[in-house]
*Asks:* 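Sharing a structure here in structure tokens format.
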Amino acid sequence: MDNDSLKKIISHSKEYGFIFPSSEIYEGLNAIYDYAHNGALLKNNIREYWWRSMVQLNENIVGIDSAIFMHPKTWAASGHVDAFNDPLIDNKDSKKRYRADVLIEEFIEKLKSKIQKEVQKAEKRFKEKFDKVQFLNTSPKILEITNQINELKSRMISAFEKDDLVEVKKIIDDMEIKCPISGTCNWTEVRQFNLMFSTKLGASEESSMDLYLRPETAQGIFLNYLNVQKTSRMKIPFGIAQTGKAFRNEIVARQFIFRMREFEQMEMQFFIKPGTQENWFNHWKDKRLSWHLNLGIDPSLFRYHDHDKLAHYADAACDIEFNFPFGFKELEGIHSRTDFDLKSHEELSGKKIQYFDPELDKNYTPYVLETSIGLDRMFLAIISNSFKVETLEDGSTRNVMSIPKQIAPNKLAVLPLLKKDGLPEYARKVMNEFSHKINLVYDEKDAIGRRYRRQDAIGTPYCITIDHDSLKNETVTIRDRDSMKQDRVKIEEVKKFLNSKIDISIWLKKLSW
Ligand code: GAP
């Protein structure tokens, strides 16, 4: 996969009603997108898969849906007013803006791939005699690169910890990191830029209050923590989950829906006893990865990335990365957030937000383990993994979206072979059998082959075709999107078949949480 395939995915998404650029008739808005019919269906299905796995399958996780607007003190307490900044740097020749930490991290990735190349070369040369561990520990070239990586990492961490932007710039200069567009090292200074959008609440200038659009949904959970704990009578450990919009004035917004200014998060805060965070961190790392793999996506497309540079609230953090068309990038974050948020809210609000532990017979501020995934980013992972241009036996090509069947936008297309002889009426009757249960498409236009292609392009797992025999013996042909195999079955069988293949509860059961 490369950027060319991303371009194809973007144009396919528009042509087949998944995603439109927002406000297109006014030339659009950078990094803002609208979801079209098929996109909205797919997004709902991903959200449902997340919600039901987290809330329905875990009796100690409850859901909420908090407001986007929150008291402005929230963001002072959470640290977002002071610390939700990106360190930005501009290249004077290309006029492109970058996040300084990302430039350095990408440089480190390049050094790592140099090691990988050296290993591959040596493997070829020494064949079965090759000892990888020995090679990594003794090859002078590898040792030099490994040292460079380690030094660079510790310089970067220390510079960010001290908020020393002059040192960050010096690292970029010392490493001669180049702008990917202009290829030059002609950089500006590094400076911090706060990512929150602000707005006003109230009718008049004098009485209005400055508000922020929430940059994460998590704070709505923290502010409701006591209410939820009391009303749902939860005992620690327990979790609160929610999905909803978040807003960030991303400067380096690109790569389609990967980094947007308005996006949706699916977050869960798990409240735990202090000191148990390491166990729960590993527990949720495993659980969340198994959630992704349960969709049947190739496991080699996922990897963990433990953070060296931690956010202001975390004592450990790990990303689940996905191999997007532009390489491995963060899809989901698992963060050990300590008691930072609850304690800060306690201090600033003056209200006690503690938990009475009946087993220990004492009060404490719980620690928090967070899982946080971008719904739009998950959407991109799904469509970029599903979109294929296949060459068929007869030399023709088809565009197919092999979206995991349980979350496909439409589950079934009903296609009368002809627009006459009672076939459309019969097809409508068949539709009525299913339309209360699943999303369906009815299509009677064009030759049947073209109709199949249209359904392949929007990822519909099954098409049933109604022909003259259907009227005689209540049978239809059912065609599988991926194998393109067609089977003749009784209409009664279709129901059972669909239940066994696409009902989301089967996939939830497979999770065995
Ligand atoms: N509450 C923690 C938090 O917000 P984060 O790593 O900043 O952590 C969590 O964001 C997830 O939200 C990311 O892993 C990503 O999937 C998604 N996300 C963050 N910024 C995004 C953006 N600008 N556009 C789309 N998704 C984004």
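Every number for a ligand or one of its atoms is a count from 1 in the order of the listing.
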*Asks:* Suppose we screen for salt bridge (Lys or Arg N to Asp or Glu O under 4.0 Å). Which residues come up paired with Arg337, at least two apart in sequence or across chains?
*Replies:* Glu216, Asp341, Glu370

*Asks:* Just checking, is any N or O donor in the side chain of Asp319 or Tyr304 under 3.5 Å from an acceptor N or O on the other one?
*Replies:* no

*Asks:* Should the pair Lys169-Asp174 be classified as a salt bridge under the 4.0 Å nitrogen-to-oxygen rule?
*Replies:* no

*Asks:* Without swapping roles, check the side chain of Asp376 against the backbone of Glu264 for a donor-acceptor pair under 3.5 Å.
*Replies:* yes

*Asks:* As a test of reading the model: which residues have a non-hydrogen atom less than 4.0 Å away from ligand 1?
*Replies:* Glu216, Ala218, Arg248, Glu250, Phe258, Arg259, Met260, Phe263, Gln265, Glu267, Tyr313, Glu330, Leu331, Glu332, Gly333, His335, Arg337, Glu370, Ser372, Ile373, Gly374, Arg377

*Asks:* Let's go through Glu167 and Lys170 carefully: what are the C-alpha distance in whole Å and the side-chain angles of both, what is the deciding distance for salt bridge (charged side-chain N to carboxylate O under 4.0 Å, His left out) to 0.1 Å, and is it a yes or a no?
*Replies:* CA-CA 5 Å; Glu167 169 66 0; Lys170 197 158 177 323; 5.6 Å; no

*Asks:* Mark yes when over 12 heavy atoms from residues, nucleotides or ligands other than Lys343 sit less than 6.0 Å from its NZ; otherwise mark no.
*Replies:* no

